[in-house]
Amino acid sequence: MEQDLISKKELLELTGISYGQLYRWKRKKLIPEEWFIRKSTFTGQETFFPREMILARIDKIKNMKDDLSLDELADMFSPAPTDVSLGKQELLKRNIVSKMALDVFTEQYGDTPVFPFDHILAVFILERLLQKGVISLDEGKTLLGTLIQHYGKFEGKNCDLIFVRKMGVSAFLLVSSPSDIYFEESAKIVERVSIADVIEALKWKLS
C-alpha cells in the first residue's frame, strides 16, 4: 500500500511551524533525513513526508522543547543505544518490563545481575509482543536470540523486526529500515516493529 504522504506546505500550515524551524530540526537530527521525500508534481519537485510519523514527531518536539534542549531531544529520538545498565529489581520496580519477560530471558541466558541497554531493549520488545498476545513464550526465546545475536550489527542504524509465520512455523528477521519486504502468499507477516520507535519509547521510560 502506498505510504500516506503530506506536502511540506500542508505540514507547515497544519502545525504552525516555520520553514526555518523545520530545517533547523532536520539539521539537529530531530527529523530523519529519509523522511524528506522529493517527488515530481505538475509544479515541479516538491518535498513530502510520511504523514503520521512527521505529525507525531513535530507534536512531541513542540511539547518537549521547553523541558529539553534540542540536543537532548535528538538523543531521545536517535536509534543509537544509550549508556544505561540496570539490575533486574530496578527494571521491575520502575515497571519497565514484567517478571514474566525477565523469566524468559533468565531461562535462556542465566540470572544476569546487570542488564546493559541492548539486553533491556530485547526484553522490552519481548514484553510488548507478549502483552499484545502475538507470540508464545517459546517464540519469545527465539525473539531474544535474534535480537541479542544480530541487533548489534546495525550499529545504531534504523532497523525493523519482522515476525513471520508460515504453516504454524514462526521466524524473526531484522532488516534495515526503510526497506520493502515481500514474502510468498503462504507466509504471513504477524508483526513489524520499528526498533527506532521502541528505543525512543524505552529511553523515555528510562529518563
Side-chain angles (χ1 to χ4, degrees), residues 15 17 21-22 24-35 49-50 52-102 104-105 109 112-132 134-135 140 143-144 146-163 172 174-179 191-207:
T15 60
I17 65 171
Q21 276 179 305
L22 177 66
R24 184 180 181 215
W25 293 345
K26 178 188 178 186
R27 288 194 303 274
K28 284 288 191 178
K29 301 188 184 302
L30 273 67
I31 300 174
E33 176 79 34
E34 60 266 24
W35 290 8
F49 304 87
E52 288 187 14
M53 291 192 291
I54 191 69
L55 290 175
R57 177 61 57 88
I58 287 176
D59 187 56
K60 283 184 181 177
I61 295 170
K62 290 169 72 175
N63 286 332
M64 299 301 298
K65 65 185 177 65
D66 292 336
D67 300 315
L68 297 172
S69 70
L70 295 186
D71 287 337
E72 287 172 326
L73 280 173
D75 180 63
M76 285 291 190
F77 295 141
S78 168
T82 189
D83 187 20
V84 171
S85 297
L86 292 175
K88 182 185 290 187
Q89 293 307 314
E90 186 70 12
L91 290 170
L92 292 171
K93 180 181 176 183
R94 293 171 63 174
N95 200 31
I96 294 167
V97 294
S98 68
K99 184 177 183 301
M100 180 192 298
L102 284 172
V104 176
F105 182 94
Y109 299 102
T112 309
V114 176
F115 286 71
F117 183 82
D118 58 338
H119 287 187
I120 298 173
L121 175 65
V123 182
F124 190 65
I125 293 171
L126 170 63
E127 173 76 19
R128 284 190 158 200
L129 297 188
L130 287 173
Q131 290 287 345
K132 287 187 74 172
V134 296
I135 63 172
L143 164 66
L144 290 176
T146 303
L147 290 168
I148 288 171
Q149 184 177 355
H150 298 297
Y151 168 66
K153 297 172 184 175
F154 289 87
E155 298 180 335
K157 298 174 184 174
N158 285 334
C159 62
D160 288 351
L161 171 75
I162 298 177
F163 176 36
F172 294 91
L174 281 172
V175 299
S176 298
S177 177
S179 62
E191 197 78 12
R192 181 165 184 162
V193 178
S194 165
I195 301 295
D197 288 350
V198 179
I199 287 175
E200 181 186 331
L202 178 56
K203 284 180 177 179
W204 287 113
K205 285 185 77 76
L206 292 171
S207 64

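The shown structure was predicted, so the numbers you read here are calculated from the model rather than taken from an experiment.
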Subject >> 4.5 Å side-chain heavy-atom contact, Leu91 and Val123 >> reply: no
**OP:** Kindly compute the distance separating CE (Met100) from CD (Glu127), expressed to the nearest 0.5 Å.
**Re:** 8.0 Å
Subject >> side chain to side chain contact (heavy atoms under 4.5 Å, CB included) partners of Glu200, counting only residues at least two apart >> reply: Arg57, Lys60, Phe77, Trp204
**OP:** Would you name the heavy atoms of Ala201 and Arg128 that are closest together and state the gap between them?
**Re:** CB-NH2, 3.3 Å
Original post:
If you take all heavy atoms of Gln149 and Lys153, which pair is closest and at what distance?
Top reply: O-CE, 3.7 Å
Original post:
Do Leu206 and Leu86 have side chains that get closer than 4.5 Å, going by heavy atoms?
Top reply: yes
Subject >> Closest non-hydrogen atom pair between Ile148 and Ala122, with its separation >> reply: CG1-CB, 4.3 Å
**OP:** Check step by step if side-chain contact (heavy atoms from CB on, under 4.5 Å) holds for Leu121 and Leu147.
**Re:** CA-CA 9 Å; Leu121 175 65; Leu147 290 168; over 6 Å; no
Subject >> Heavy-atom pair of closest approach, residues Asn158 and Ala196 >> reply: OD1-CB, 3.4 Å
**OP:** Taking the side chain as every heavy atom from C-beta outward, state whether Leu126 and Ile135 have any pair of such atoms under 4.5 Å apart.
**Re:** yes
**OP:** Give every residue pair that meets the salt bridge (charged side-chain N to carboxylate O under 4.0 Å, His left out) criterion with at least one member in residues 67-79, sequence neighbours excluded.
**Re:** Lys28-Asp71
Subject >> Beyond-backbone contact of Leu202 with Ile96, side-chain heavy atoms, under 4.5 angstrom >> reply: yes
Original post:
What's the spacing between Ile162 CD1 and Thr146 OG1 if we round to 0.5 Å?
Top reply: 12.0 Å
Original post:
If we only count heavy atoms from C-beta on, is the Ile125 to Tyr151 side-chain gap below 4.5 Å?
Top reply: no
**OP:** Report yes if some heavy atom in the side chain of Ile31 is under 4.5 Å from a heavy atom in the side chain of Ile54; otherwise report no.
**Re:** yes
Original post:
Which atom pair, heavy atoms only, marks the closest approach of Leu174 to Cys159?
Top reply: CD2-SG, 4.4 Å
Original post:
ring pair (Phe, Tyr, Trp, His ring centres under 6.0 Å) with Phe163: which residues, sequence neighbours excluded?
Top reply: Phe172
Original post:
Mind checking what makes ring pair (Phe, Tyr, Trp, His ring centres under 6.0 Å) contact with Phe105, not counting sequence neighbours?
Top reply: Tyr109, Phe115, His119
**OP:** Answer yes or no: does atom CZ of Arg24 have more than 12 heavy-atom neighbours from other residues, nucleotides or ligands under 6.0 Å?
**Re:** no
**OP:** Before giving the answer on side-chain contact (heavy atoms from CB on, under 4.5 Å), spell out for Ile58 and Phe49 the whole-Å C-alpha distance, their side-chain angles and the decisive distance to 0.1 Å.
**Re:** CA-CA 12 Å; Ile58 287 176; Phe49 304 87; over 6 Å; no
**OP:** Count the heavy atoms belonging to other residues, nucleotides or ligands that lie under 6.0 Å from NZ of Lys26, then report whether that count exceeds 12.
**Re:** yes
Subject >> Within-4.5 Å side-chain heavy-atom neighbours: Leu143 and Leu161 >> reply: yes
Original post:
To the nearest 0.5 Å, how far apart are CG in Leu102 and CD1 in Ile120?
Top reply: 10.0 Å
Original post:
Side-chain contact, heavy-atom cut-off 4.5 Å: Lys62 with Ile17?
Top reply: yes
Original post:
Can any side-chain N or O of Lys203 pair as donor or acceptor with the backbone N or O of Ser78 at less than 3.5 Å?
Top reply: yes
**OP:** With sequence neighbours excluded, tell me which residues meet side chain to side chain donor-acceptor pair (under 3.5 Å) with Thr112.
**Re:** none
Original post:
Got a sec, which residues hit ring pair (Phe, Tyr, Trp, His ring centres under 6.0 Å) with Phe124, two or more places apart in sequence or on another chain?
Top reply: none
**OP:** Check Ser194 against Asp160 and note the closest heavy-atom contact, atom names and distance.
**Re:** CA-OD1, 3.4 Å
Subject >> Within 6.0 angstrom of Lys205 NZ, more than 12 heavy atoms from elsewhere >> reply: yes
